[in-house]
**Q** 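Pasting a structure here, questions to come.
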Number of protein chains: 2
Amino acid sequence: MAEATTKAPRRSDALSKERIVAAAVEILDAGGEAELTVRGLTAHLATGRGAVYHHVSGKHDLLAAATDRVISEVTSGARSEEEASEAIRALALGIFDAIDAHPWVGTELSRNPMQPAVLRIWTSIGVQLQRLGLEPDALPAAGSALVAYVLGSTAQYVAGPRRATSEVDRQAFLEKVADQWRTHAPQAHVTEAAAALVEHDDREQFLEGVDIVLAGIKHR
Amino acid sequence: MAEATTKAPRRSDALSKERIVAAAVEILDAGGEAELTVRGLTAHLATGRGAVYHHVSGKHDLLAAATDRVISEVTSGARSEEEASEAIRALALGIFDAIDAHPWVGTELSRNPMQPAVLRIWTSIGVQLQRLGLEPDALPAAGSALVAYVLGSTAQYVAGPRRATSEVDRQAFLEKVADQWRTHAPQAHVTEAAAALVEHDDREQFLEGVDIVLAGIKHR
DNA sequence: ACCTGAACACCGTTCAAGT
DNA sequence: ACCTGAACACCGTTCAAGT
(Lines give C-alpha, C1' and ligand atoms only; values in the text may rest on other atoms or scores of the structure.)
Protein backbone atom coordinates (compact mmCIF):
# COMPACT_ATOMS: atom_id res chain seq x y z
CA MET A 1 0.00 0.00 0.00
CA ALA A 2 2.74 2.31 0.88
CA GLU A 3 4.09 1.61 -2.58
CA ALA A 4 0.80 2.41 -4.28
CA THR A 5 0.28 5.79 -2.63
CA THR A 6 3.86 6.91 -3.18
CA LYS A 7 4.13 9.96 -5.39
CA ALA A 8 6.42 9.98 -8.40
CA PRO A 9 9.86 9.21 -7.01
CA ARG A 10 12.02 12.18 -6.15
CA ARG A 11 14.99 12.73 -8.44
CA SER A 12 17.88 11.11 -6.64
CA ASP A 13 19.84 14.30 -7.20
CA ALA A 14 17.16 16.60 -5.77
CA LEU A 15 18.42 19.96 -4.63
CA SER A 16 19.28 20.48 -1.00
CA LYS A 17 21.23 23.10 0.88
CA GLU A 18 24.02 20.58 1.32
CA ARG A 19 24.29 19.85 -2.39
CA ILE A 20 24.18 23.54 -3.24
CA VAL A 21 26.88 24.38 -0.72
CA ALA A 22 29.05 21.50 -1.94
CA ALA A 23 28.77 22.81 -5.50
CA ALA A 24 29.63 26.32 -4.31
CA VAL A 25 32.77 25.05 -2.58
CA GLU A 26 33.78 23.29 -5.78
CA ILE A 27 33.35 26.45 -7.84
CA LEU A 28 35.12 28.61 -5.26
CA ASP A 29 38.06 26.22 -5.07
CA ALA A 30 38.35 26.10 -8.83
CA GLY A 31 37.95 29.76 -9.68
CA GLY A 32 37.80 31.88 -6.56
CA GLU A 33 35.13 34.23 -5.41
CA ALA A 34 34.72 36.01 -8.74
CA GLU A 35 33.69 32.72 -10.35
CA LEU A 36 30.82 32.05 -7.95
CA THR A 37 27.71 33.41 -9.67
CA VAL A 38 24.15 32.27 -9.33
CA ARG A 39 24.12 31.64 -13.06
CA GLY A 40 27.24 29.51 -12.95
CA LEU A 41 26.08 27.68 -9.86
CA THR A 42 22.65 26.80 -11.22
CA ALA A 43 24.17 25.74 -14.53
CA HIS A 44 26.57 23.47 -12.62
CA LEU A 45 23.58 22.03 -10.75
CA ALA A 46 21.58 21.74 -14.00
CA THR A 47 18.63 23.63 -12.59
CA GLY A 48 16.79 26.89 -13.01
CA ARG A 49 18.15 30.23 -11.93
CA GLY A 50 15.84 30.77 -8.99
CA ALA A 51 15.92 27.22 -7.64
CA VAL A 52 18.65 27.83 -5.09
CA TYR A 53 16.58 30.51 -3.39
CA HIS A 54 14.34 27.78 -1.99
CA HIS A 55 17.30 26.47 0.01
CA VAL A 56 19.54 29.46 0.76
CA SER A 57 18.45 33.00 1.39
CA GLY A 58 20.91 34.54 -1.06
CA LYS A 59 24.53 34.76 -2.05
CA HIS A 60 25.73 35.97 1.35
CA ASP A 61 24.11 33.02 3.06
CA LEU A 62 25.65 30.67 0.53
CA LEU A 63 29.14 32.08 1.01
CA ALA A 64 28.81 31.89 4.79
CA ALA A 65 27.58 28.31 4.60
CA ALA A 66 30.45 27.31 2.32
CA THR A 67 32.93 28.92 4.69
CA ASP A 68 31.36 27.19 7.67
CA ARG A 69 31.63 23.87 5.89
CA VAL A 70 35.39 24.27 5.52
CA ILE A 71 36.01 25.64 9.02
CA SER A 72 33.83 23.11 10.82
CA GLU A 73 36.06 20.33 9.53
CA VAL A 74 38.99 21.98 11.25
CA THR A 75 37.35 22.83 14.56
CA SER A 76 35.57 19.48 14.92
CA GLY A 77 38.91 17.72 14.59
CA ALA A 78 40.27 19.46 17.68
CA ARG A 79 41.80 17.07 20.21
CA SER A 80 41.51 17.80 23.90
CA GLU A 81 44.08 15.36 25.23
CA GLU A 82 47.06 17.54 24.53
CA GLU A 83 48.30 20.51 26.46
CA ALA A 84 46.23 23.67 25.98
CA SER A 85 48.86 25.77 24.20
CA GLU A 86 49.69 22.80 21.97
CA ALA A 87 46.01 22.45 21.13
CA ILE A 88 45.88 26.15 20.25
CA ARG A 89 48.89 25.83 17.98
CA ALA A 90 47.29 22.83 16.28
CA LEU A 91 43.99 24.65 15.86
CA ALA A 92 45.67 27.73 14.40
CA LEU A 93 47.70 25.62 12.00
CA GLY A 94 44.56 23.76 10.98
CA ILE A 95 42.89 27.04 10.08
CA PHE A 96 45.98 28.21 8.23
CA ASP A 97 46.15 25.04 6.17
CA ALA A 98 42.43 25.10 5.42
CA ILE A 99 42.78 28.64 4.09
CA ASP A 100 45.86 27.68 2.14
CA ALA A 101 43.73 25.02 0.45
CA HIS A 102 40.67 27.31 0.09
CA PRO A 103 41.95 30.92 -0.13
CA TRP A 104 38.45 32.39 -0.52
CA VAL A 105 37.75 31.26 3.07
CA GLY A 106 40.35 33.70 4.41
CA THR A 107 38.78 36.59 2.55
CA GLU A 108 35.29 35.67 3.65
CA LEU A 109 36.16 35.25 7.34
CA SER A 110 37.53 38.78 7.50
CA ARG A 111 34.83 40.31 5.37
CA ASN A 112 32.05 39.13 7.61
CA PRO A 113 33.32 38.57 11.15
CA MET A 114 29.92 37.66 12.54
CA GLN A 115 29.27 34.51 10.59
CA PRO A 116 28.92 30.98 11.99
CA ALA A 117 32.45 29.96 10.98
CA VAL A 118 33.94 32.76 13.08
CA LEU A 119 31.75 31.71 15.99
CA ARG A 120 33.27 28.23 15.75
CA ILE A 121 36.77 29.70 15.85
CA TRP A 122 35.95 31.87 18.87
CA THR A 123 34.47 28.88 20.66
CA SER A 124 37.38 26.54 20.00
CA ILE A 125 39.97 29.12 21.01
CA GLY A 126 37.98 30.09 24.10
CA VAL A 127 37.71 26.51 25.28
CA GLN A 128 41.46 25.95 24.98
CA LEU A 129 42.38 29.29 26.52
CA GLN A 130 40.19 28.48 29.48
CA ARG A 131 42.38 25.42 30.14
CA LEU A 132 45.40 27.67 30.30
CA GLY A 133 44.43 28.82 33.79
CA LEU A 134 43.96 32.52 33.06
CA GLU A 135 42.14 34.88 35.37
CA PRO A 136 38.52 35.16 34.17
CA ASP A 137 38.84 38.82 33.33
CA ALA A 138 41.93 38.15 31.21
CA LEU A 139 40.15 35.64 29.00
CA PRO A 140 38.22 38.02 26.72
CA ALA A 141 41.29 40.04 25.71
CA ALA A 142 43.34 36.88 25.25
CA GLY A 143 40.66 35.29 23.09
CA SER A 144 40.10 38.39 21.07
CA ALA A 145 43.84 38.84 20.49
CA LEU A 146 44.24 35.28 19.26
CA VAL A 147 41.20 35.38 17.00
CA ALA A 148 42.30 38.73 15.58
CA TYR A 149 45.82 37.47 15.00
CA VAL A 150 44.72 34.26 13.30
CA LEU A 151 42.15 35.91 11.04
CA GLY A 152 44.41 38.88 10.33
CA SER A 153 47.29 36.61 9.37
CA THR A 154 45.25 34.49 7.06
CA ALA A 155 43.75 37.56 5.39
CA GLN A 156 47.29 38.86 4.88
CA TYR A 157 48.45 35.51 3.62
CA VAL A 158 45.84 34.90 0.96
CA ALA A 159 46.63 37.23 -1.89
CA GLY A 160 44.09 39.72 -3.11
CA PRO A 161 41.08 37.69 -4.19
CA ARG A 162 41.05 38.90 -7.77
CA ARG A 163 44.56 38.38 -9.02
CA ALA A 164 45.77 35.28 -10.74
CA THR A 165 49.44 36.19 -10.29
CA SER A 166 49.08 36.29 -6.54
CA GLU A 167 52.32 34.59 -5.61
CA VAL A 168 54.37 37.01 -7.67
CA ASP A 169 52.48 39.98 -6.28
CA ARG A 170 52.95 38.87 -2.70
CA GLN A 171 56.68 38.59 -3.23
CA ALA A 172 56.72 42.02 -4.85
CA PHE A 173 54.78 43.51 -1.96
CA LEU A 174 57.17 42.12 0.64
CA GLU A 175 60.05 43.53 -1.34
CA LYS A 176 58.41 46.95 -1.23
CA VAL A 177 58.06 46.65 2.55
CA ALA A 178 61.72 45.64 2.81
CA ASP A 179 62.71 48.63 0.66
CA GLN A 180 60.79 50.97 2.92
CA TRP A 181 62.43 49.52 6.00
CA ARG A 182 65.87 49.98 4.47
CA THR A 183 65.06 53.54 3.44
CA HIS A 184 63.76 54.59 6.83
CA ALA A 185 66.48 52.89 8.86
CA PRO A 186 69.47 51.96 6.76
CA GLN A 187 71.45 50.31 9.55
CA ALA A 188 73.02 46.98 8.76
CA HIS A 189 70.77 44.96 11.01
CA VAL A 190 67.62 46.45 9.46
CA THR A 191 68.90 45.50 6.04
CA GLU A 192 69.36 42.00 7.38
CA ALA A 193 65.82 42.00 8.79
CA ALA A 194 64.45 43.22 5.46
CA ALA A 195 66.12 40.34 3.68
CA ALA A 196 64.68 37.90 6.20
CA LEU A 197 61.24 39.40 5.64
CA VAL A 198 61.32 38.56 1.96
CA GLU A 199 62.73 35.09 2.39
CA HIS A 200 60.68 33.74 5.28
CA ASP A 201 58.32 30.77 5.08
CA ASP A 202 54.73 31.95 5.56
CA ARG A 203 53.58 28.94 7.52
CA GLU A 204 56.52 29.03 9.92
CA GLN A 205 56.14 32.75 10.43
CA PHE A 206 52.44 32.28 11.14
CA LEU A 207 53.31 29.78 13.89
CA GLU A 208 55.94 32.13 15.30
CA GLY A 209 53.20 34.72 15.60
CA VAL A 210 50.94 32.30 17.46
CA ASP A 211 53.80 31.73 19.90
CA ILE A 212 54.31 35.47 20.27
CA VAL A 213 50.65 36.00 21.15
CA LEU A 214 50.65 33.00 23.52
CA ALA A 215 53.81 34.29 25.23
CA GLY A 216 52.19 37.69 25.58
CA ILE A 217 49.09 36.16 27.12
CA LYS A 218 51.20 34.31 29.69
CA HIS A 219 53.75 37.01 30.48
CA ARG A 220 51.85 40.23 30.34
CA MET B 1 49.61 88.40 -25.29
CA ALA B 2 49.50 85.60 -22.81
CA GLU B 3 45.94 86.65 -22.17
CA ALA B 4 45.06 86.57 -25.85
CA THR B 5 46.41 83.11 -26.60
CA THR B 6 44.89 81.53 -23.48
CA LYS B 7 42.43 78.82 -24.31
CA ALA B 8 38.96 78.87 -22.81
CA PRO B 9 39.57 78.85 -19.08
CA ARG B 10 39.48 75.48 -17.41
CA ARG B 11 36.46 74.85 -15.26
CA SER B 12 37.64 75.64 -11.77
CA ASP B 13 36.15 72.34 -10.67
CA ALA B 14 37.92 70.26 -13.30
CA LEU B 15 38.20 66.58 -12.48
CA SER B 16 41.33 65.27 -10.88
CA LYS B 17 42.20 62.06 -9.07
CA GLU B 18 42.21 64.00 -5.82
CA ARG B 19 38.71 65.36 -6.33
CA ILE B 20 37.41 61.97 -7.37
CA VAL B 21 38.94 60.26 -4.34
CA ALA B 22 37.58 62.95 -2.02
CA ALA B 23 34.09 62.41 -3.41
CA ALA B 24 34.49 58.66 -3.01
CA VAL B 25 35.45 59.08 0.65
CA GLU B 26 32.38 61.24 1.17
CA ILE B 27 30.08 58.64 -0.35
CA LEU B 28 31.73 55.78 1.53
CA ASP B 29 31.46 57.61 4.84
CA ALA B 30 27.81 58.40 4.21
CA GLY B 31 26.59 55.08 2.91
CA GLY B 32 29.29 52.44 3.12
CA GLU B 33 30.78 50.35 0.40
CA ALA B 34 27.48 49.33 -1.16
CA GLU B 35 26.72 52.97 -1.89
CA LEU B 36 29.87 53.60 -3.91
CA THR B 37 28.91 53.07 -7.54
CA VAL B 38 30.39 54.65 -10.62
CA ARG B 39 26.95 55.99 -11.46
CA GLY B 40 26.47 57.57 -8.05
CA LEU B 41 30.00 58.92 -8.02
CA THR B 42 29.78 60.55 -11.43
CA ALA B 43 26.36 61.99 -10.60
CA HIS B 44 27.86 63.45 -7.42
CA LEU B 45 30.65 64.95 -9.51
CA ALA B 46 28.17 66.16 -12.15
CA THR B 47 30.04 64.50 -14.96
CA GLY B 48 29.69 61.70 -17.46
CA ARG B 49 29.87 58.04 -16.56
CA GLY B 50 33.21 57.32 -18.12
CA ALA B 51 34.99 60.47 -17.03
CA VAL B 52 36.56 58.99 -13.92
CA TYR B 53 38.38 56.38 -16.00
CA HIS B 54 40.71 59.11 -17.22
CA HIS B 55 41.97 59.53 -13.65
CA VAL B 56 41.64 56.16 -11.94
CA SER B 57 42.04 52.77 -13.51
CA GLY B 58 38.81 51.38 -12.08
CA LYS B 59 36.83 50.80 -8.94
CA HIS B 60 39.55 48.78 -7.20
CA ASP B 61 42.04 51.56 -7.74
CA LEU B 62 39.54 54.09 -6.43
CA LEU B 63 38.84 52.11 -3.29
CA ALA B 64 42.55 51.61 -2.63
CA ALA B 65 43.22 55.32 -3.13
CA ALA B 66 40.41 56.29 -0.77
CA THR B 67 41.76 53.88 1.84
CA ASP B 68 45.28 55.21 1.41
CA ARG B 69 44.00 58.74 1.89
CA VAL B 70 42.56 57.86 5.29
CA ILE B 71 45.51 55.76 6.46
CA SER B 72 48.19 58.20 5.31
CA GLU B 73 46.75 60.81 7.66
CA VAL B 74 47.35 58.42 10.54
CA THR B 75 50.83 57.22 9.61
CA SER B 76 52.13 60.65 8.66
CA GLY B 77 51.17 61.92 12.11
CA ALA B 78 53.52 59.43 13.79
CA ARG B 79 55.86 61.03 16.29
CA SER B 80 59.34 59.66 16.78
CA GLU B 81 60.26 61.39 20.01
CA GLU B 82 58.44 58.97 22.26
CA GLU B 83 59.52 55.54 23.33
CA ALA B 84 59.15 52.87 20.65
CA SER B 85 56.42 50.79 22.32
CA GLU B 86 54.52 53.98 23.14
CA ALA B 87 54.75 55.01 19.48
CA ILE B 88 53.42 51.61 18.43
CA ARG B 89 50.49 51.91 20.81
CA ALA B 90 49.74 55.40 19.46
CA LEU B 91 49.99 54.20 15.86
CA ALA B 92 47.68 51.24 16.52
CA LEU B 93 45.15 53.46 18.26
CA GLY B 94 45.31 55.93 15.40
CA ILE B 95 44.44 53.17 12.95
CA PHE B 96 41.66 51.91 15.22
CA ASP B 97 40.11 55.37 15.49
CA ALA B 98 40.40 56.01 11.77
CA ILE B 99 38.52 52.79 11.09
CA ASP B 100 35.97 53.63 13.74
CA ALA B 101 35.32 56.85 11.80
CA HIS B 102 35.50 55.17 8.37
CA PRO B 103 34.41 51.53 8.82
CA TRP B 104 34.78 50.71 5.13
CA VAL B 105 38.54 51.20 5.56
CA GLY B 106 38.73 48.19 7.88
CA THR B 107 36.98 45.98 5.37
CA GLU B 108 39.12 47.19 2.50
CA LEU B 109 42.46 46.73 4.32
CA SER B 110 41.69 43.08 4.96
CA ARG B 111 40.20 42.43 1.59
CA ASN B 112 43.27 43.54 -0.27
CA PRO B 113 46.36 43.19 1.90
CA MET B 114 48.74 44.33 -0.81
CA GLN B 115 47.54 47.86 -1.31
CA PRO B 116 49.48 51.06 -0.60
CA ALA B 117 47.71 51.72 2.70
CA VAL B 118 48.88 48.38 4.08
CA LEU B 119 52.40 49.16 2.90
CA ARG B 120 52.28 52.35 4.98
CA ILE B 121 51.20 50.39 8.04
CA TRP B 122 53.97 47.82 7.56
CA THR B 123 56.52 50.59 7.16
CA SER B 124 55.44 52.54 10.23
CA ILE B 125 55.32 49.47 12.42
CA GLY B 126 58.65 48.21 11.12
CA VAL B 127 60.37 51.52 11.82
CA GLN B 128 59.15 51.56 15.41
CA LEU B 129 59.88 47.89 16.02
CA GLN B 130 63.40 48.42 14.81
CA ARG B 131 63.89 50.93 17.64
CA LEU B 132 62.88 48.26 20.13
CA GLY B 133 66.30 46.62 19.83
CA LEU B 134 65.18 43.25 18.48
CA GLU B 135 67.53 40.79 16.85
CA PRO B 136 67.32 41.29 13.06
CA ASP B 137 65.92 37.84 12.47
CA ALA B 138 63.15 38.45 15.03
CA LEU B 139 61.89 41.57 13.27
CA PRO B 140 59.90 39.99 10.41
CA ALA B 141 57.83 37.76 12.71
CA ALA B 142 57.28 40.62 15.16
CA GLY B 143 56.18 42.99 12.40
CA SER B 144 53.97 40.44 10.77
CA ALA B 145 52.34 39.57 14.11
CA LEU B 146 51.57 43.20 14.88
CA VAL B 147 50.24 43.98 11.42
CA ALA B 148 48.10 40.85 11.47
CA TYR B 149 46.77 41.66 14.92
CA VAL B 150 45.93 45.27 14.08
CA LEU B 151 44.24 44.48 10.77
CA GLY B 152 42.52 41.41 12.19
CA SER B 153 41.14 43.37 15.13
CA THR B 154 39.80 46.19 13.05
CA ALA B 155 38.17 43.76 10.62
CA GLN B 156 36.53 42.07 13.61
CA TYR B 157 35.51 45.38 15.05
CA VAL B 158 33.78 46.88 12.04
CA ALA B 159 30.55 45.01 11.64
CA GLY B 160 29.71 43.24 8.42
CA PRO B 161 29.79 45.90 5.72
CA ARG B 162 26.24 45.43 4.56
CA ARG B 163 24.15 45.65 7.68
CA ALA B 164 22.71 48.85 9.08
CA THR B 165 21.97 47.35 12.49
CA SER B 166 25.61 46.53 13.02
CA GLU B 167 25.85 47.50 16.67
CA VAL B 168 22.98 45.24 17.62
CA ASP B 169 24.38 42.37 15.60
CA ARG B 170 27.81 42.70 17.15
CA GLN B 171 26.33 42.51 20.62
CA ALA B 172 24.27 39.50 19.60
CA PHE B 173 27.33 37.78 18.18
CA LEU B 174 29.35 38.25 21.34
CA GLU B 175 26.46 36.84 23.34
CA LYS B 176 26.51 33.77 21.12
CA VAL B 177 30.23 33.37 21.77
CA ALA B 178 29.63 33.75 25.51
CA ASP B 179 26.88 31.12 25.36
CA GLN B 180 29.20 28.69 23.62
CA TRP B 181 31.90 29.25 26.22
CA ARG B 182 29.46 28.58 29.03
CA THR B 183 28.16 25.47 27.30
CA HIS B 184 31.58 23.98 26.66
CA ALA B 185 33.03 24.82 30.09
CA PRO B 186 30.36 25.68 32.63
CA GLN B 187 32.76 26.44 35.48
CA ALA B 188 32.08 29.58 37.44
CA HIS B 189 35.11 31.45 36.20
CA VAL B 190 34.27 30.76 32.57
CA THR B 191 30.81 32.16 33.16
CA GLU B 192 32.47 35.22 34.59
CA ALA B 193 34.76 35.49 31.58
CA ALA B 194 31.81 35.14 29.24
CA ALA B 195 30.07 38.05 30.95
CA ALA B 196 33.22 40.15 30.66
CA LEU B 197 33.42 39.30 26.97
CA VAL B 198 30.01 40.82 26.31
CA GLU B 199 30.55 43.90 28.42
CA HIS B 200 34.06 44.95 27.43
CA ASP B 201 34.93 48.21 25.72
CA ASP B 202 36.19 47.52 22.19
CA ARG B 203 38.81 50.22 22.14
CA GLU B 204 40.27 49.23 25.51
CA GLN B 205 40.32 45.60 24.55
CA PHE B 206 42.07 46.47 21.30
CA LEU B 207 44.81 48.23 23.25
CA GLU B 208 45.09 45.29 25.65
CA GLY B 209 45.73 43.12 22.62
CA VAL B 210 48.47 45.45 21.39
CA ASP B 211 50.10 45.09 24.80
CA ILE B 212 49.78 41.33 24.66
CA VAL B 213 51.53 41.20 21.31
CA LEU B 214 54.22 43.65 22.45
CA ALA B 215 54.78 41.60 25.61
CA GLY B 216 55.05 38.47 23.51
CA ILE B 217 57.59 40.13 21.21
CA LYS B 218 59.73 41.11 24.19
CA HIS B 219 59.40 37.97 26.29
CA ARG B 220 59.32 35.15 23.83
C1' DA C 1 6.55 21.92 -2.45
C1' DC C 2 9.74 22.49 -5.61
C1' DC C 3 11.46 24.04 -9.81
C1' DT C 4 11.77 26.90 -14.19
C1' DG C 5 13.41 30.74 -16.79
C1' DA C 6 12.00 35.20 -18.29
C1' DA C 7 11.93 39.72 -16.39
C1' DC C 8 13.60 43.34 -13.35
C1' DA C 9 16.66 46.47 -11.57
C1' DC C 10 20.77 47.03 -11.21
C1' DC C 11 26.29 46.78 -11.87
C1' DG C 12 31.57 48.26 -13.93
C1' DT C 13 33.73 49.29 -18.09
C1' DT C 14 34.36 50.68 -22.94
C1' DC C 15 34.32 53.68 -26.75
C1' DA C 16 32.72 56.50 -30.71
C1' DA C 17 31.54 61.04 -30.78
C1' DG C 18 31.94 65.52 -29.30
C1' DT C 19 34.61 69.94 -27.30
C1' DA D 1 43.35 66.01 -23.61
C1' DC D 2 39.35 65.59 -21.48
C1' DC D 3 34.66 64.64 -21.19
C1' DT D 4 30.02 62.61 -22.55
C1' DG D 5 26.54 59.14 -22.42
C1' DA D 6 24.89 55.27 -24.97
C1' DA D 7 26.08 50.54 -25.46
C1' DC D 8 27.97 46.22 -23.81
C1' DA D 9 28.35 42.38 -21.05
C1' DC D 10 27.44 41.15 -17.17
C1' DC D 11 25.27 40.76 -12.04
C1' DG D 12 21.65 38.95 -7.83
C1' DT D 13 16.94 38.42 -7.03
C1' DT D 14 11.96 37.95 -7.91
C1' DC D 15 7.94 35.77 -9.47
C1' DA D 16 4.21 34.01 -12.51
C1' DA D 17 3.80 29.80 -14.51
C1' DG D 18 4.45 25.11 -14.59
C1' DT D 19 4.92 20.04 -12.42
Side-chain angles (χ1 to χ4, degrees), chain A residues 5-24 27-28 31-67 104 107-108 111-112 115 160-164, chain B residues 5-24 27-28 31-67 104 107-108 111-112 115 160-164:
Chain A
T5 56
T6 299
K7 286 166 273 181
R10 234 160 234 285
R11 287 157 55 188
S12 66
D13 61 343
L15 277 185
S16 67
K17 181 155 183 176
E18 199 172 354
R19 268 194 75 229
I20 292 169
V21 170
I27 292 171
L28 287 162
E33 207 167 338
E35 209 83 349
L36 181 67
T37 64
V38 176
R39 279 161 178 78
L41 179 70
T42 50
H44 190 274
L45 289 163
T47 184
R49 205 95 79 212
V52 294
Y53 289 91
H54 290 276
H55 300 94
V56 298
S57 72
K59 207 190 172 180
H60 292 351
D61 183 28
L62 180 59
L63 217 35
T67 303
W104 51 274
T107 310
E108 176 60 14
R111 168 152 43 219
N112 182 1
Q115 61 182 304
R162 319 162 207 284
R163 36 195 105 212
Chain B
T5 57
T6 299
K7 287 165 272 181
R10 234 162 234 284
R11 287 157 55 187
S12 66
D13 61 343
L15 277 185
S16 65
K17 180 155 184 176
E18 198 173 353
R19 269 193 75 230
I20 293 170
V21 171
I27 292 171
L28 288 162
E33 206 168 340
E35 210 83 347
L36 181 66
T37 64
V38 176
R39 278 160 179 78
L41 180 70
T42 50
H44 191 275
L45 290 164
T47 184
R49 204 95 80 214
V52 295
Y53 290 91
H54 290 275
H55 299 93
V56 298
S57 72
K59 208 189 172 181
H60 292 351
D61 182 28
L62 180 59
L63 217 35
T67 303
W104 50 274
T107 311
E108 176 59 14
R111 168 151 42 218
N112 181 0
Q115 62 183 304
R162 320 162 207 285
R163 36 195 105 213

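Computation of the quantities below employed the complete heavy-atom set of this structure, encompassing side-chain atoms and omitting hydrogens, waters and symmetry-equivalent molecules. Numbered from 1 within each chain, the chains take letters A, B, ... in sequence-line order.
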**Q** Nearest heavy-atom pair of B:Leu62 and B:Leu36: which atoms, and what distance?
**A** CD2-CD2, 4.3 Å
**Q** Can you see which heavy atom on B:Val38 is nearest to which on B:Arg49, and at what distance?
**A** CG1-O, 3.7 Å
**Q** Could you write out DNA chain D as dot-bracket? Rules: Watson-Crick or G-U wobble, both distances under 3.5 Å, brackets [ ] for crossings, | for pairs with another strand, dot for unpaired.
**A** ||.|||||...|||||.||
**Q** Has A:Arg19 got a side-chain atom pairing as donor or acceptor with A:Ala14's backbone, closer than 3.5 angstrom?
**A** yes
**Q** Heavy atoms under 4.0 Å is the rule here; annotate nucleotides 12-19 of chain D 5' to 3' with B where the base is hit, S where only the sugar-phosphate is, and - elsewhere.
**A** BBBB----
**Q** Closest heavy-atom contact between A:Ala23 and A:Leu41?
**A** CB-CD1, 3.9 Å
**Q** Could you walk me through whether B:Val52 and B:Leu45 pass side-chain contact (heavy atoms from CB on, under 4.5 Å), step by step?
**A** CA-CA 9 Å; B:Val52 295; B:Leu45 290 164; 4.3 Å; yes
**Q** When you check the phosphate oxygens OP1 and OP2 of C:dC2, does a side-chain N or O of A:His55 lie under 4.0 Å from one of them?
**A** no
**Q** With a 3.5 Å distance limit and no angle check, can you tell me whether B:Glu108 reaches the backbone of B:Ala66 through a side-chain donor-acceptor pair?
**A** no
**Q** Whole Å only: how far is the CG atom of A:Leu45 from the C1' atom of C:dC2?
**A** 14 Å
**Q** Starting at atom CG of A:Leu15, determine the distance to atom P of C:dG5, rounded to an integer number of angstrom.
**A** 13 Å
**Q** How far apart are the closest heavy atoms of A:Ile27 and A:Glu35, and which atoms are they?
**A** CG2-O, 3.7 Å
**Q** Under the rule for side-chain contact (heavy atoms from CB on, under 4.5 Å), what residues qualify as partners of B:Thr37, not counting sequence neighbours?
**A** B:Arg39
